[in-house]
Amino acid sequence: RSRGLGDVYKRQDEDRSTAVTASCAVLLAGCVCFAVMAILVWLLFEPENLGWVVGLVVAGALLQMASAVLRGFGDTVGYSVMNFAASAFTILLNVLFIAVLRWGVVGMLSATVIAQGGVALVFMVMRRLWRYIDPSALSISYALNLLRYSFPLIPNTVSYTHLTLPTIRL
């Protein structure tokens with residue numbers, strides 16, 4: 001039997017739901033693990049700006065996930081505009097918080113959290129990405145494959161962040 005165009009689009013939506021739902025589950029699990037570790041660090045060492053660092057990680061993860069979903073859906077224009085907007089807002093807020101309000105490190109952290117998290121959420125809403133989150137489409141094997149692929153990338157990401165983010169070295 002020949003498949004009609006409607007069947008093709010239905011299958012694409014099912015594949016997208018599986019991918020987005022598994023990605024959200026992995027991201028949520030990662031954020032929970034990170035939050036537990038952050039609480040332990042806070043209880044043991046009481047670092048001053050840990051809340052902003054946690055926000056930075058969560059906002060960065062949201063932005064990266066939204067970027068990956070847009071790229072995966074073939075929306076390269078949306079991907080480009082979203083990342084440009086996040087960078088532009090980060091720069092504008094850095095100028096406001098650091099140069100004008102003299103917030104220093106907290107200004108840089110808050111600017112990045114607000115810009116990345118805000119732009120990611122706005123684009124998720126604009127592109128109505130929640131339509132692709134379907135708990136019944138959650139595939140544990142797909143999520144495990146995501147983890148198998150992404151887990152080895154963590155040391156690379158951490159070292160890159162350490163080298164490029166001056167606040168960690170302060």
Side-chain angles (χ1 to χ4, degrees), residues 1-42 50-90 93 109-162 164-165:
R1 146 175 154 33
S2 71
R3 291 172 47 137
L5 195 55
D7 291 337
V8 171
Y9 285 129
K10 182 179 177 192
R11 182 67 190 152
Q12 281 180 340
D13 282 347
E14 290 169 1
D15 291 344
R16 287 178 175 182
S17 287
T18 301
V20 172
T21 302
S23 297
C24 286
V26 168
L27 179 64
L28 181 62
C31 285
V32 168
C33 290
F34 182 75
V36 168
M37 289 189 304
I39 290 170
L40 290 174
V41 167
W42 182 75
L50 183 65
W52 285 113
V53 173
V54 170
L56 182 70
V57 170
V58 172
L62 279 175
L63 184 68
Q64 290 303 313
M65 182 173 162
S67 294
V69 168
L70 290 175
R71 270 192 327 244
F73 287 2
D75 187 0
T76 55
V77 171
Y79 163 78
S80 300
V81 169
M82 181 179 68
N83 284 290
F84 176 80
S87 298
F89 282 127
T90 301
L93 291 175
L109 288 169
S110 58
T112 306
V113 169
I114 292 167
Q116 288 186 351
V119 168
L121 290 174
V122 165
F123 269 81
M124 287 177 179
V125 169
M126 284 176 50
R127 301 290 193 227
R128 299 187 314 244
L129 295 182
W130 67 84
R131 296 178 299 164
Y132 298 104
I133 299 174
D134 179 11
S136 67
L138 179 61
S139 166
I140 300 299
S141 63
Y142 193 95
L144 289 173
N145 282 337
L146 285 174
L147 282 174
R148 259 182 253 140
Y149 169 77
S150 61
F151 197 72
L153 300 173
I154 292 172
N156 181 50
T157 303
V158 170
S159 65
Y160 176 78
T161 302
H162 178 68
T164 59
L165 189 63

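All residue numbers refer to positions in the sequence shown, counting from 1.
Atom CG of residue Leu70 and atom OG of residue Ser80 lie 9.5 Å apart, to the nearest 0.5 angstrom. With values rounded to the nearest 0.5 angstrom, Phe84 atom CZ is found 9.5 Å from Phe89 atom CZ.
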Considering only distance and modelled atom types, tabulate donor-acceptor pairs under 3.5 Å from the side chains of residues 115-129, sequence neighbours left out.
| from | atom 1 | to | atom 2 | distance (Å) |
| --- | --- | --- | --- | --- |
| Arg127 | NE | Asp75 | OD2 | 2.8 |
| Arg127 | NH2 | Asp75 | OD2 | 3.3 |

Scan the side chains in residues 20-31 for donor-acceptor partners under 3.5 Å anywhere in the protein, sequence neighbours excluded, and list what turns up.
| from | atom 1 | to | atom 2 | distance (Å) |
| --- | --- | --- | --- | --- |
| Thr21 | OG1 | Ser17 | O | 2.7 |
| Thr21 | OG1 | Tyr132 | O | 3.2 |
| Thr21 | OG1 | Asp134 | N | 2.8 |
| Thr21 | OG1 | Asp134 | O | 3.4 |
| Ser23 | OG | Ala19 | O | 2.8 |

Exercise answer: donor-acceptor pairs, residues 50-68 side-chain atoms, under 3.5 Å, sequence neighbours excluded:
| from | atom 1 | to | atom 2 | distance (Å) |
| --- | --- | --- | --- | --- |
| Ser67 | OG | Leu63 | O | 2.9 |
| Ser67 | OG | Asn83 | OD1 | 3.4 |
| Ser67 | OG | Asn83 | ND2 | 3.2 |

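Applying the 6.0 Å contact sphere to CH2 of Trp42 captures no more than 12 heavy atoms from other residues, nucleotides or ligands. The number of heavy-atom neighbours closer than 6.0 Å to CZ of Phe151, taken from other residues, nucleotides and ligands shown, is 12 or below.
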